[in-house]
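Have a look at the structure below before the remarks.
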Amino acid sequence: MKPLQQLVRPNIWNLAPYSSARDEYSGKEAHVFLDANENPYNAPYNRYPDPLQRDLKKMLEKVKGVPAENIFLGNGSDEAIDLPYRIFCEPGRDNVVAIEPTYGMYKVCADINNVEYRPVLLDENYEFQADRLLAACDQHTKLIWICSPNNPTGNSMNRNEILKVIEGFEGIVIVDEAYIDFAQQLSMRQELTKYPNLVILQTMSKAWGSAAIRLGMAFASKEMIQIYNKVKYPYNVNMLTQQQAMEMLKDPFEIDKYVKILLTERSYLVQAFTELPICKQVYKTDANFFLALMTDAQKIYDYLVDRGIIVRNRTRVKLCNNCLRITVGTRTENQELLSALRQF
Ligand SMILES: *Cc1c(COP(=O)(O)O)cnc(C)c1O
């Protein structure tokens with residue numbers, strides 16, 4: 001990896017971050033807060049939330065096995081996807097490399113930030129070769145995006161190939177593990193201490209059943225997290241979100257129950273799909289959704305919409321012609337989908 005200072009945009013490296021009232025006060029026990037121009041009434045909502053979400057990170061430290069100083073929390077993974085562009089990529093000059101097809105937000109954020117996006121097509125098994133990703137890089141490549149399990153294909157990327165990219169790249173490698181709780185594959189979290197150029201993204205939106213609260217996580221070196229913290233909006237995670245996330249984290253085993261049920265439902269759905277005459281293939285999945293190759297994805301999609309059932313039509317995505325992406329629902333929802341498809 002290049003020294004961090006060479007990778008970070010000079011204006012960001014030299015940035016003097018906003019210093020909030022609560023940042024400046026620390027230490028002694030206090031009970032009169034006349035420092036932040038807050039209204040003293042309407043507790044607890046009158047007070048600004050902790051800008052560094054310390055209590056929440058303490059709980060995540062235990063659940064994720066990652067020290068608080070290696071955790072960034074954001075307004076969904078969306079924020080953790082946008083920030084590295086703003087931190088590392090000089091608009092109009094730098095570029096990023098990503099597997100293709102993958103999650104759409106990496107490209108949207110590249111476009112917003114005027115950063116060139118270089119997609120590298122997966123092979124016909126939806127797998128990638130490290131050498132091909134590395135070959136797409138040049139001296140202006142700052143980030144490589146790898147999503148594993150990948151959206152929309154559903155499969156986990158090969159761990160050795162991911163490690164080869166991390167070891168072979170001078171810049172930052174971001175591995176998006178939004179679906180890792182459903183996967184057979186282990187999280188890369190344990191590799192963090194070994195690789196200062198690794199950033200791992202996780203979220204409360206999927207297995208944790210909390211998409212509405214908007215809480216995304218990035219795990220990375222302490223140095224990298226410090227830069228994220230200085231660029232983020234000061235109060236990027238609101239108090240209600242912090243409280244609800246802590247509520248969920250109190251009982252982390254609750255999530256295992258969801259995951260177990262959803263994986264059982266997934267096998268049931270996948271099996272039923274393979275028996276549908278209108279389904280030609282179901283692709284290997286390690287997530288709470290799967291990609292199915294259909295006879296006519298558009299027609300089937302429209303037909304389902306007419307019945308009030310919405311799946312994701314991926315037919316216009318590269319390598320996903322005639323594919324529908326199906327999220328695993330409750331048994332009742334899955335049965336309704338299947339019975340509609342059987343009548344198509
Ligand atoms: C759903 C999803 C996310 C979650 O995004 P949030 O902003 O945290 O809700 C992140 N990455 C991928 C690949 C996803 O599919």
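Both counts, for ligands and for their atoms, begin at 1 and track the order of listing.
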So which residues get pulled into Leu186's cluster when ILVMFWY side chains under 4.5 Å apart are joined, directly or through others?
-> none
Connected to Met239, directly or through other members, by ILVMFWY side-chain contacts below 4.5 Å are Tyr45, Leu240
Is the backbone of [Y] close enough, under 3.5 Å, to the side chain of [X] for a donor and an acceptor to pair up by distance?
X	Y	value
Glu161	Gln129	no
Tyr303	Ala340	yes
Lys57	Phe72	no

Got a sec, which pairs hit side chain to side chain donor-acceptor pair (under 3.5 Å) with one end in residues 282-295, sequence neighbours left out?
-> Ser156-Asp286
Residues in the immediate environment of ligand 1 (any heavy atom closer than 4.0 angstrom) | Gly76, Ser77, Asp78, Tyr103, Tyr106, Cys147, Asn151, Asp176, Ala178, Tyr179, Thr203, Ser205, Lys206, Arg214
